[in-house]
Amino acid sequence: MSEVPRTGCAETMDALREELQRAAEERSVEGLPTLPADRDRPVEAPPLADDEVSESERILADRERTLGADHPDTLLARTNVGGACQQAGHTDRAVRLFEQILADGERVLGPDHPDTLTFRNNLAGGHEAAGDPARAIPLYEDALSGRERVLGPDDLRTLQCRDNLARAHELTAAPTRAVPLHERTLSDRERTLGPGHPYTLLSRGNLAFAHHKAGNGELSAELFAHTLTDSERDLGSDHPATRHVRQLLTHVRSA
């Protein structure tokens with residue numbers, strides 16, 4: 001059983017999140033729910049090459065020419081440019097684009113339109129990626145309250161937004177604020193998706209990591225052990241996500 005260096009625990013957690021997101025997307029092929037494509041973009045997603053930025057800009061130019069600057073599909077294409085810039089490391093440009101997109105969405109679609117709520121979530125993610133999670137928190141809170149009101153508390157986008165808010169609290173050294181958010185999301189995902197869905201495994205892992213950061217080592221180890229059992233059963237003992245959980249469990253037990 002390999003150990004995770006103390007400095008690599010957060011990186012291993014990021015890798016676990018990526019693998020479980022990928023596993024959730026694969027589940028969607030089988031007809032099980034996942035997040036809509038090209039909407040919320042995880043901050044920890046791997047960087048995209050600059051040619052992805054160029055391709056998204058080309059698509060945006062086509063949409064602007066054929067549909068106009070304010071068409072909803074154009075706004076979504078502009079969002080994809082911002083997301084590509086963020087993931088390629090051009091975070092200042094991404095934030096500027098997300099600010100413009102949010103203002104356009106509020107003007108064209110209204111403040112409570114689902115896409116406008118996504119634009120607000122993505123602006124928060126842009127600030128987080130730029131190293132300013134404190135600025136992201138009120139935007140995530142606004143996006144979350146809007147999604148709970150408009151989409152409902154069980155919508156996948158609502159649950160994802162709560163995950164995002166919790167992570168921002170962790171990044172501002174406030175893991176105790178993240179814990180109740182992860183607890184609620186875990187409960188909701190167990191109820192709506194089942195205990196073995198990758199998003200449910202993600203929520204339990206997130207809760208375990210938050211407890212680890214808050215200094216609750218025994219509870220963190222218990223939750224990671226539960227996550228490992230479920231991941232071995234539902235994803236397989238050799239799945240990359242299972243291996244990451246195993247590493248994290250070893251780390252928190254030895255901390």
Side-chain angles (χ1 to χ4, degrees), residues 1-37 40-46 154-167 169-171 175 178-255:
M1 190 180 293
S2 60
E3 294 194 5
V4 181
R6 294 183 185 275
T7 57
C9 187
E11 289 81 359
T12 304
M13 189 65 208
D14 285 346
L16 173 62
R17 287 166 173 156
E18 291 173 20
E19 289 296 340
L20 289 175
Q21 176 67 33
R22 187 175 297 112
E25 291 168 356
E26 291 170 355
R27 287 283 184 97
S28 70
V29 175
E30 303 170 5
L32 297 176
T34 187
L35 284 176
D40 288 3
R41 294 175 176 271
V43 171
E44 65 270 18
D154 292 340
D155 188 274
L156 291 177
R157 290 161 290 183
T158 302
L159 301 180
Q160 177 67 59
C161 195
R162 192 179 299 123
D163 265 353
N164 295 342
L165 173 60
R167 183 182 58 233
H169 280 304
E170 291 171 12
L171 292 173
V179 165
L181 294 166
H182 286 315
E183 286 176 335
R184 180 176 174 186
T185 304
L186 173 58
S187 176
D188 290 344
R189 283 175 167 163
E190 283 183 321
R191 175 172 48 81
T192 59
L193 299 175
H197 191 281
Y199 284 145
T200 306
L201 299 177
L202 174 61
S203 283
R204 186 168 286 108
N206 282 338
L207 179 57
F209 186 67
H211 276 299
H212 169 66
K213 294 196 70 175
N216 304 322
E218 185 175 341
L219 185 51
S220 175
E222 179 182 330
L223 286 162
F224 272 129
H226 189 169
T227 308
L228 179 59
T229 297
D230 289 348
S231 187
E232 288 176 333
R233 182 191 66 232
D234 292 288
L235 297 179
S237 60
D238 291 330
H239 191 280
T242 304
R243 293 199 298 269
H244 292 317
V245 175
R246 194 175 291 119
Q247 289 177 315
L248 288 161
L249 175 59
T250 300
H251 171 74
V252 299
R253 281 177 170 170
S254 64

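Here the structure is a predicted model, which is why all the values come from computation and not from measurement. Numbers here are sequence positions counted from 1.
Note that OG1 of T227 and CD of E222 are 10.5 Å apart. Values are rounded to the nearest 0.5 Å. A distance of 7.0 Å separates OG1 in T192 from CG in L156, rounded to the nearest 0.5 Å. Taken to the nearest 0.5 Å, the NE2 atom of H226 stands 10.5 Å off from the CG atom of L228. Residue L181 holds its CG atom at 11.0 Å from OG of S203, rounded to the nearest 0.5 Å. Taking CG of L207 as the reference point, atom CZ of R184 lies at 14.5 Å (rounded to 0.5 Å). How far CD of E18 is from NE2 of H244: 8.0 Å, rounded to the nearest 0.5 Å.
A donor-acceptor pair is defined here as one N or O able to donate and one able to accept, closer than 3.5 Å; no such pair exists between the side chain of T200 and the backbone of G196.
Closest approach of P175 to A210, counting heavy atoms only: CB-O, 3.7 Å. Shown here for F209 and F224, the closest heavy-atom pair between the two residues is N-CZ, 3.9 Å. Residue A166 comes nearest to A178 through the heavy atom pair O-CB, 3.4 Å, listed as atom of the first residue, atom of the second, then distance. The minimum heavy-atom distance linking L249 with A221 is given by the pair CD1-O, 3.4 Å. Between A241 and L20, the shortest heavy-atom contact is CB-CD2, 3.7 Å.
When each of L201, T242, V245 is tested with D230 by the rule side-chain contact (heavy atoms from CB on, under 4.5 Å), just one qualifies, namely L201. None of H251, R253, H212, K213 except one satisfies the side-chain contact (heavy atoms from CB on, under 4.5 Å) rule with S220; the exception is H212. Under the salt bridge (charged side-chain N to carboxylate O under 4.0 Å, His left out) rule, D154 has a single partner from R191, R162, R189, which is R191.
Using a cut-off of 4.0 Å between Lys/Arg side-chain N and Asp/Glu carboxylate O, R22 and E19 are scored as salt-bridged. A salt bridge between D163 and R17 is absent, with no side-chain N of the basic residue lying under 4.0 Å from a carboxylate O of the acidic one.
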Problem set entry | Verdict with supporting geometry, S237 and R246, side chain to side chain contact (heavy atoms under 4.5 Å, CB included) | CA-CA 10 Å; S237 60; R246 194 175 291 119; 4.1 Å; yes
For this session: Determine, step by step, whether R204 and E190 satisfy the side chain to side chain contact (heavy atoms under 4.5 Å, CB included) criterion, reporting the C-alpha distance in whole Å, the side-chain angles of both residues, the deciding distance to 0.1 Å, and the verdict.
Result: CA-CA 10 Å; R204 186 168 286 108; E190 283 183 321; 2.2 Å; yes
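In this structure, N206 and M13 have side chains that are in contact, with non-hydrogen atoms separated by less than 4.5 Å.
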